[in-house]
Amino acid sequence: MITHSDGPTCEVLSIGDEIVNGRILDTNSQWISQRLEDLGARVLYHTSVGDDLAAMTAVFRQAIERSDYVITTGGLGPTADDLTRPALAEAAGLTLIEYPEAVQAIEEFFRRRNREMPERNRLQALFPAGSKMIVNPRGTAPGIDLAIDRPNRPPCRVLCFPGVPVELYEMWPDVESRLRESGLGREYILHQDVRCFGAGESQVESMLPDLIRRGRDPLVGINASQNTIILRISTRGPDRDACQAKVEPVLRTIRECLGNLVFSEDGRDLQDVVAEMLARRGLTLAILEADTGGLVTEWMTQTPQGASVLSASLVIPAKQPWREELGPLANGEDASRAARELVQRMGMIAPADIVLVSPPAESEDGEIWKLSVAVFALQPFTMSVRRISFSSHPAYRRITIGKHMLNTLRLWLLETQPQS
């Protein structure tokens with residue numbers, strides 16, 4: 001028997017051959033896990049199983065033994081490979097019973113569409129004895145709500161949903177109410193994401209004294225996503241204020257240790273932060289990007305302030321002559337004169353207050369890249385060039401360059417912010 005001292009545990013079970021063979025991406029598990037954590041339940045397991053009765057029965061038995069709540073998606077259709085009902089019944093030692101109210105709901109579903117219910121769909125009205133029905137307002141597959149007794153332990157609650165995401169979403173509010181009635185959701189759960197750029201995951205961890213340690217409260221997790229380092233602070237308490245009071249000392253430590261590596265404490269992306277900084281100072285931006293294929297422009301246009309701060313952009317294709325004219329900027333050869341001439345020629349960019357430029361990156365071995373990023377303030381004309389060496393997988397090179405461009409602009413804005 002597996003026991004845990006930090007509250008009820010959950011397992012999310014995805015059912016279907018299409019899941020385990022990779023033909024369909026399992027987004028249901030991610031969505032359900034987020035809903036469960038909001039209710040104060042700890043999700044310890046994600047399990048996937050194909051459409052095989054023996055395998056599904058074994059997986060159900062394992063989940064019932066080790067988890068307090070088991071949430072499943074898939075396998076509730078009317079076809080021969082939809083085996084969630086018999087597998088759950090066998091694992092729980094129960095018989096399947098047809099529920100008249102379920103038959104009525106399925107018949108009504110077809111009636112509203114001027115169709116007769118196929119006899120095969122009666123299978124969807126079968127439930128393990130003693131279970132409750134979860135109404136599905138958008139489909140023919142009602143859900144299952146079953147409490148299974150366990151010796152000397154609280155019952156395991158199994159909740160089964162169809163695999164169609166939109167049906168799951170509409171059925172969830174009813175189930176959430178049931179879960180709250182069972183005791184979940186009585187604690188407030190706070191997750192706060194602190195995002196960093198400019199150092200690797202192991203380097204960031206080494207800069208934080210004893211914060212990344214299991215068993216802490218608040219708990220601080222660390223992971224990397226497309227060159228951004230994310231520190232996730234998690235805690236629980238009676239209300240938001242109590243949780244925030246526990247988190248604040250951790251935030252202070254992170255700020256003191258990481259300094260300007262931190263670009264947001266509320267989960268915002270780098271482009272959102274930069275756009276807000278520009279908007280706050282009433283500045284407009286033009287972007288000239290050579291190796292990113294317009295990625296930085298795309299990011300900026302998707303921010304809430306993008307329309308007000310982005311004045312113009314130019315993406316330089318591989319064979320565009322301007323790529324050669326950016327060479328002096330990258331190599332530091334009379335960069336100021338080259339930059340002035342470039343900005344003057346680009347009449348579309350002239351109205352902007354700031355121009356962000358990234359010449360083509362260079363590499364001798366394909367492993368270590370050298371990048372120059374320039375920020376030009378046009379009135380009066382000033383120039384700041386930051387030279388960066390980085391390594392990156394080829395699949396992420398555009399993303400890495402784009403984030404270095406935005407981060408260079410962020411640091412420049414911090415250094416030049418008006419004194420209050």
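All heavy atoms count here, side chains included; hydrogens, waters and symmetry mates do not. No experiment lies behind these values; they were computed from the predicted model shown.
With 3.5 Å as the limit, one finds a donor-acceptor pair spanning the side chains of Thr140 and Gln124. Checking Lys246 against Thr235 by side-chain atom types alone, a donor-acceptor pair falls below 3.5 Å. Between the side chains of Arg386 and Thr408, at least one donor N or O lies within less than 3.5 Å of an accepting N or O. Side-chain polar atoms of Gln62 and Glu11 form no donor-acceptor pair below 3.5 angstrom. Between the side chains of Arg387 and Ser372, a donor-acceptor pair is found at a separation under 3.5 Å. Side-chain atoms of Ser313 and Glu289 include no donor-acceptor pair closer than 3.5 Å. Inspection of the His46 and Ser33 side chains reveals an N or O donor paired with an N or O acceptor under 3.5 Å. Defined by atom type and a distance below 3.5 Å, a donor-acceptor pair is missing between the side-chain atoms of Thr9 and Ser67. Checking Ser29 against Asp26 by side-chain atom types alone, a donor-acceptor pair falls below 3.5 Å.
Side-chain contact between Thr47 and Ser14 is absent, with no heavy atoms from C-beta onward closer than 4.5 Å. No side-chain heavy atom of Ile97 sits less than 4.5 Å from a side-chain heavy atom of Leu126. Proximity of Leu310 to Thr301: side-chain heavy atoms (C-beta onward) are separated by under 4.5 Å at one or more points. A heavy-atom distance below 4.5 Å is not found between the side chains of Thr228 and Cys196. The side-chain heavy atoms of Leu159 and Ile134, taken from C-beta on, include a pair separated by under 4.5 Å. Side-chain contact check for Ile148 versus Ile64: some heavy-atom pair is nearer than 4.5 Å. You'll find the side chain of Met300 reaches within 4.5 Å of the side chain of Val309, heavy atoms only. Taking 4.5 Å as the limit, some side-chain heavy atom of Arg281 sits within range of a side-chain heavy atom of Thr416.
Arg150 has no carboxylate O lying under 4.0 Å from a charged side-chain N of Glu65, or vice versa, which leaves the two without a salt bridge. Ion pair Glu167/Arg138 not flagged as a salt bridge, since none of the NZ, NE, NH1 or NH2 atoms sits closer than 4.0 Å to an Asp/Glu carboxylate oxygen. Remark: Glu256 does not engage Arg252 in a salt bridge, criterion side-chain N to carboxylate O under 4.0 Å. Between Asp291 and Arg398, none of the side-chain N atoms (NZ, or NE/NH1/NH2) sits under 4.0 Å from a carboxylate O, so this pair counts as no salt bridge. Checked for salt-bridge contact, Glu119 and Arg122 meet the test: a charged N lies under 4.0 Å from a carboxylate O. Ion pairing between Arg23 and Asp17 fails under the 4.0 Å rule for side-chain N and carboxylate O. Under the 4.0 Å criterion applied to side-chain N and carboxylate O atoms, Arg42 and Glu37 are not assigned as salt-bridge partners.
When all heavy atoms of Val296 and Gly402 are compared, the closest pair comes out as CG2-CA, 3.5 Å.
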Test Arg232 against Glu265 for salt bridge (Lys or Arg N to Asp or Glu O under 4.0 Å), laying out the working first.
-> CA-CA 10 Å; Arg232 190 175 213 207; Glu265 297 180 4; over 6 Å; no

Stepwise, does the salt bridge (Lys or Arg N to Asp or Glu O under 4.0 Å) test hold for Arg111 with Glu108?
-> CA-CA 5 Å; Arg111 189 178 300 115; Glu108 178 62 24; 2.5 Å; yes

Dump the intermediate steps for side-chain contact (heavy atoms from CB on, under 4.5 Å) on Asn260 and Leu414, then the final yes or no.
-> CA-CA 9 Å; Asn260 285 342; Leu414 286 174; 3.8 Å; yes

Would Cys10 and Leu44 count as a side-chain contact (heavy atoms from CB on, under 4.5 Å) if you check the C-alpha gap in whole Å, the side-chain angles of each, and the deciding distance to 0.1 Å?
-> CA-CA 6 Å; Cys10 292; Leu44 284 181; over 6 Å; no

Check step by step if side-chain contact (heavy atoms from CB on, under 4.5 Å) holds for Ile222 and Ile230.
-> CA-CA 6 Å; Ile222 183 170; Ile230 303 171; over 6 Å; no

Mind running side-chain contact (heavy atoms from CB on, under 4.5 Å) on Ile233 and Val194 for me, showing each step along the way?
-> CA-CA 8 Å; Ile233 310 171; Val194 178; 4.1 Å; yes

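Distance alone, capped at 3.5 Å, places no donor-acceptor pair between the Asp145 side chain and the Val175 backbone. Of the possible polar contacts, one joining the Thr84 side chain to the Gly74 backbone as a donor-acceptor pair under 3.5 Å is found. A distance-only check finds no donor-acceptor pair linking the side chain of Asp269 to the backbone of Asp272 [under 3.5 Å]. Judged by distance alone, with hydrogens and angles left aside, the side-chain atoms of Asp174 form no donor-acceptor pair with the main-chain N or O of Met171 at under 3.5 Å. In terms of modelled atom types and a separation under 3.5 Å, the side chain of Arg180 and the main chain of Leu39 share no donor-acceptor contact. Looking only at distances, a side-chain donor or acceptor of Arg236 sits under 3.5 Å from a matching main-chain atom of Gly40. At distances below 3.5 Å, not a single donor-acceptor pair connects side-chain atoms of Arg157 with backbone N or O atoms of Tyr69. Not one N or O on the side chain of Thr303 forms a donor-acceptor pair closer than 3.5 Å with the backbone of Trp299.
Rounding to the nearest 0.5 Å places SG of Cys243 at 10.0 Å from NE2 of His191. How far CG of Asp51 is from CE of Met56: 6.5 Å, rounded to the nearest 0.5 Å. From Leu411, atom CG reaches atom CZ of Phe197 across 9.5 Å, with rounding to the nearest 0.5 Å. Here Ile15 contributes atom CD1 and Asp81 contributes atom CG; the two are 11.5 Å apart, rounded to the nearest 0.5 Å. Between the CG atom in Leu295 and the CD1 atom in Ile401 there is a gap of 10.0 Å [rounded to 0.5 Å].
Evaluation of the ring pair (Phe, Tyr, Trp, His ring centres under 6.0 Å) test over residues 80-108, restricted to residues two or more places apart or in two chains, returns Tyr99-Phe127.
Take Lys132 and apply the salt bridge (charged side-chain N to carboxylate O under 4.0 Å, His left out) test, not counting sequence neighbours, and it matches no residue.
Taking the centre and axis of the six-membered ring of Phe109, the NZ or CZ atom of Arg113 falls inside the cone set by 45° and 6.0 Å. Figure legend: cation-pi geometry between Arg35 and Trp172 absent, as NZ or CZ is not positioned both under 6.0 Å from the six-membered ring centre and within 45° of its axis.
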